[in-house]
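This chain uses plain numbering: 1 for the first residue, then up along the sequence. Whatever order the structure lists ligands and atoms in, that order sets their numbers, starting from 1. Predicted model, so just to flag it, every value in this text is computed and none were measured.
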Amino acid sequence: MKADRHEPQFNNYANRQALAAALSADIAGALQTAIMRDGAAVLAVSGGSTPRNMFQALSRTDIDWSKVIVTLVDERFVPPSHERSNHRLVATHLLQNEAAFAQFIPLYCEGFSPEEAANEAASKIDALEKPIDIAVLGLGTDGHTASWFPGSPELAAATDPEQEKTVMAIEAPGIPEPRLTLTQPVLHGAESVILHIEGTEKRDVLEAALEPGPVEALPVRAILRETKRPLQVYWAP
Ligand SMILES: O=C(O)[C@H](O)[C@@H](O)[C@H](O)[C@H](O)COP(=O)(O)O
């Protein structure tokens with residue numbers, strides 16, 4: 001193993017259906033373990049198109065969802081009625097069936113500025129008094145994860161291991177609306193960090209990010225290099 005390479009643990013599947021079934025079962029098992037240990041479990045999920053099938057499978061798992069708190073790794077600064085809302089995506093595909101009994105902490109807040117909404121969401125997440133048990137991240141082909149986008153003026157602050165804020169407002173060239181994103185320390189502090197990627201292009205981006213180089217170029221590096229335990233990668237072609 002290369003000394004400066006931060007090896008995640010790869011869980012590779014023949015197809016995306018098999019990945020969704022396995023990842024949803026593994027997340028459900030880890031949530032149930034946290035519930036048994038702590039009386040509650042915190043799950044933070046990403047938006048985008050990749051997690052939809054996994055969300056639908058996870059929504060049907062038979063765990064005590066009333067003891068699960070779901071929140072978002074990041075959010076587009078739009079109301080939950082908007083088609084680009086991650087809140088809407090999670091409400092539609094995850095908080096259904098058995099998982100309809102989960103509690104949900106949104107990041108967006110109607111009538112608030114992005115910064116005010118970030119502070120409001122941070123106060124709710126900080127009040128949980130336990131770290132996130134499972135954070136599920138996606139990956140963009142530009143190397144972003146969460147809303148840590150290359151070229152964002154707030155990228156350094158959001159990926160700073162010393163950042164004291166849990167949630168930050170962030171903008172970046174080319175994205176249509178402001179974002180709200182969890183910061184590096186709160187994801188670093190998660191019991192388990194999962195990267196759910198599909199396709200060869202994203203696998204290549206991850207391999208590039210595992211090589212030495214600046215976080216600014218491939219921001220996912222900020223979590224590849226700083227997790228309490230090996231990042232779990234779930235991948236299918
Ligand atoms: O709000 C978002 O879009 C996500 O949180 C973002 O970080 C996502 O995980 C990647 O952009 C991958 O998105 P796809 O799954 O659509 O490729």
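Relative orientation of the H87 and F104 rings is tilted, given thresholds of 30° and 60° on the angle between their planes.
Using a 4.0 angstrom heavy-atom cutoff, R179 counts as in contact with ligand 1. Residue contact annotation: K202 has a non-hydrogen atom under 4.0 Å from ligand 1.
Close contacts between ligand 1 and N86 involve ligand atoms 1 (O), 2 (C) [criterion: under 4.0 Å to a heavy atom]. For ligand 1, the atoms sitting less than 4.0 Å from at least one non-hydrogen atom of T50 are 14 (P), 15 (O), 17 (O), numbered in the order shown with element in parentheses.
Inspection of the E110 and Y108 side chains reveals an N or O donor paired with an N or O acceptor under 3.5 Å. Side-chain contact check for D74 and S147: at least one donor-acceptor pair (N or O, by modelled atom type) lies under 3.5 Å. Under the 3.5 Å distance criterion, with hydrogens and angles disregarded, no donor-acceptor pair is assigned to the side chains of Q184 and D160. The closest side-chain donor-acceptor pair between R203 and N12 falls under 3.5 angstrom.
Between D133 and K130, some side-chain heavy-atom pair lies under the 4.5 Å cut-off.
At least one donor-acceptor pair closer than 3.5 Å links the side chain of R76 to the backbone N or O of R84. Looking only at distances, a side-chain donor or acceptor of K202 sits under 3.5 Å from a matching main-chain atom of L139.
When only non-hydrogen protein atoms are considered, atom 13 (O) of ligand 1 lies nearest to G48 CA, 3.9 Å. Regarding atom 11 (O) of ligand 1, its nearest protein heavy-atom neighbour is H144 NE2, 2.7 Å. Residue, atom and distance of the protein heavy atom nearest to atom 5 (O) of ligand 1 are D74 OD1, 2.4 Å.
With atom 7 (O) of ligand 1 as the reference point, the heavy atom nearest to it among S46, G138, A146 is part of A146. Considering only non-hydrogen atoms, atom 2 (C) of ligand 1 lies nearest to R76 out of E201, R76, H196, E75. Looking at L139, L72, V136, it is L139 that brings a heavy atom closest to atom 12 (C) of ligand 1.
Of all non-hydrogen atoms in E191 and P131, the two that sit nearest each other are OE2-CG, 4.1 Å.
Any N or O atom pair closer than 3.5 Å counts here, and T145 shares no such pair with ligand 1. Looking at S147 next to ligand 1, no N or O pair under 3.5 Å apart turns up. The shortest N or O to N or O distance between G47 and ligand 1 is under 3.5 Å.
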